[in-house]
Asker: 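Below you will find the structure I want to go over with you.
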Amino acid sequence: MIVTITLTHVRDLAPGIVDGRRLGAPVIDTNNYYPQYKDSFIAAIEAGTPESGWVSKQLGVSVYKAFNGIGANFLQDAGAPAGAPERIAIPVGGADGPGKELVLDLVDQLGFDPIDAGPLEESWRQQPDTPFYAKNYPADRARRALAEAVPERPAQFRAANR
């Protein structure tokens with residue numbers, strides 16, 4: 001199941017909406033928090049909770065952060081076979097286990113290099129305005145960009161500057 005709606009509308013979803021998914025199916029969060037454009041103030045995110053950590057709490061299930069740093073046009077048109085030079089990498093943040101393995105495999109099947117980006121608590125590394133975000137890097141450069149990220153939300157991505 002993939003959650004792709006304006007982030008603040010996640011809290012408006014019907015309680016238990018993800019409960020009807022197939023047993024063991026992971027929930028993928030593709031959202032980004034844009035308080036300066038479309039999202040209302042979310043205190044927990046402003047205080048440092050990673051976006052997908054907040055989504056996980058709202059939905060009451062573990063989620064995996066993926067596909068949030070690639071434009072829809074690239075997702076549709078830029079997939080390439082495994083081993084292709086400059087194949088775009090997509091990180092997946094979330095708990096280790098079968099769910100993460102399914103999401104990593106999905107990324108690969110769609111034509112992108114899957115990168116295990118660690119636990120959901122580290123998914124801030126792929127949020128907007130980090131060195132990785134919207135860069136369409138190959139795997140080696142994507143890993144470096146994720147490592148270069150800092151946890152502080154940049155001023156232009158905080159509600160206080162709307």
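Side chains are part of it too, since the values below use all heavy atoms of this structure and drop only hydrogens, waters and symmetry mates.
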Asker: Is it true that a side-chain atom of Gln58 and a backbone atom of Val10 form a donor plus acceptor pair closer than 3.5 Å?
Answerer: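 Pair absent, no side-chain N/O of Gln58 close to backbone of Val10.
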Asker: What side-chain donor-acceptor pairs closer than 3.5 Å can you find for residues 90-112, not counting sequence neighbours?
Answerer:
unit_1	atom_1	unit_2	atom_2	d
Asp96	OD1	Lys100	NZ	3.3
Lys100	NZ	Gly94	O	2.8
Lys100	NZ	Asp116	OD1	2.6
Lys100	NZ	Gly118	O	3.0
Asp105	OD2	Gln109	NE2	2.5
Asp108	OD1	Arg87	NH1	2.9
Asp108	OD1	Arg87	NH2	3.1

Asker: Using a strict cut-off of less than 4.0 Å between a Lys/Arg side-chain nitrogen and an Asp/Glu carboxylate oxygen, indicate whether Glu46 and Arg153 qualify as a salt bridge.
Answerer: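 No, Glu46 and Arg153 are not salt-bridged.
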Asker: Please determine whether the number of non-hydrogen atoms from other residues, nucleotides or ligands lying under 6.0 Å from atom NZ of Lys135 exceeds 12.
Answerer: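 Above 12, so yes.
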Asker: Side chains of Leu7 and Ile42: does their closest heavy-atom pair fall under 4.5 Å?
Answerer: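 Yes. Closest side-chain heavy atoms under 4.5 Å.
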Asker: To the nearest 0.5 Å, how far apart are CZ in Arg141 and CD in Glu148?
Answerer: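 If we round to the nearest 0.5 Å, Arg141:CZ and Glu148:CD are 4.5 Å apart.
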Asker: Check whether Ser123 reaches the backbone of Pro50 with its side chain - one donor and one acceptor, N or O, closer than 3.5 Å.
Answerer: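 Not confirmed, Ser123 side chain does not pair with Pro50 backbone.
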Asker: Less than 4.5 Å apart, side chain to side chain, heavy atoms only: is that true for Pro128 and Glu51?
Answerer: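 Yes; the side chains approach each other to less than 4.5 Å.
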Asker: Linking I/L/V/M/F/W/Y whenever their side-chain heavy atoms sit closer than 4.5 Å, directly or via other members, would Ile5 and Ile2 fall into one cluster?
Answerer: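 No, no single cluster joins them.
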Asker: Show the atom names and distances, to 0.1 Å, of all donor-acceptor pairs under 3.5 Å that link a side chain in residues 67-79 to residues at least two apart or in another chain.
Answerer:
unit_1	atom_1	unit_2	atom_2	d
Asn68	OD1	Gln126	NE2	3.2
Asn68	ND2	Asn32	OD1	2.9
Asn68	ND2	Gln126	O	2.8

Asker: Assess the side chains of Thr4 and Thr30: does a donor N or O sit below 3.5 Å from an acceptor N or O?
Answerer: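 Distance-only check passes for Thr4 and Thr30.
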Asker: List, one per line, each side-chain donor-acceptor pair under 3.5 Å for residues 17-28, sequence neighbours excluded.
Answerer:
unit_1	atom_1	unit_2	atom_2	d
Arg21	NE	Ala25	O	2.6
Arg21	NH1	Val18	O	2.8

Asker: Do Tyr64 and Leu120 sit in one hydrophobic cluster, given that two such residues count as connected whenever their side-chain heavy atoms are within less than 4.5 Å of each other, even indirectly?
Answerer: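 Not linked; separate clusters.
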Asker: Verify, without hydrogens or angle tests, whether Asp29 (side chain) and Ala66 (backbone) share a donor-acceptor contact under 3.5 angstrom.
Answerer: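 No; zero donor-acceptor contacts below 3.5 Å.
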Asker: Answer yes or no: is there a side-chain heavy-atom contact under 4.5 Å between Trp54 and Arg11?
Answerer: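 With C-beta onward as the side chain, the pair touches.
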Asker: Among the clusters formed by ILVMFWY side chains lying less than 4.5 Å apart, do Val150 and Tyr133 turn up in the same one?
Answerer: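 No; tracing contacts between hydrophobic side chains, which count when under 4.5 Å, never links both residues.
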Asker: Between Lys65 and Glu121, does any NZ, NE, NH1 or NH2 come within less than 4.0 Å of an OD or OE carboxylate oxygen?
Answerer: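 Result for this pair is no, no salt bridge flagged.
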Asker: Tell me if a side-chain donor or acceptor on Ser56 pairs with a main-chain N or O of Gly53 at a distance below 3.5 Å.
Answerer: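 Checked: no pair found.
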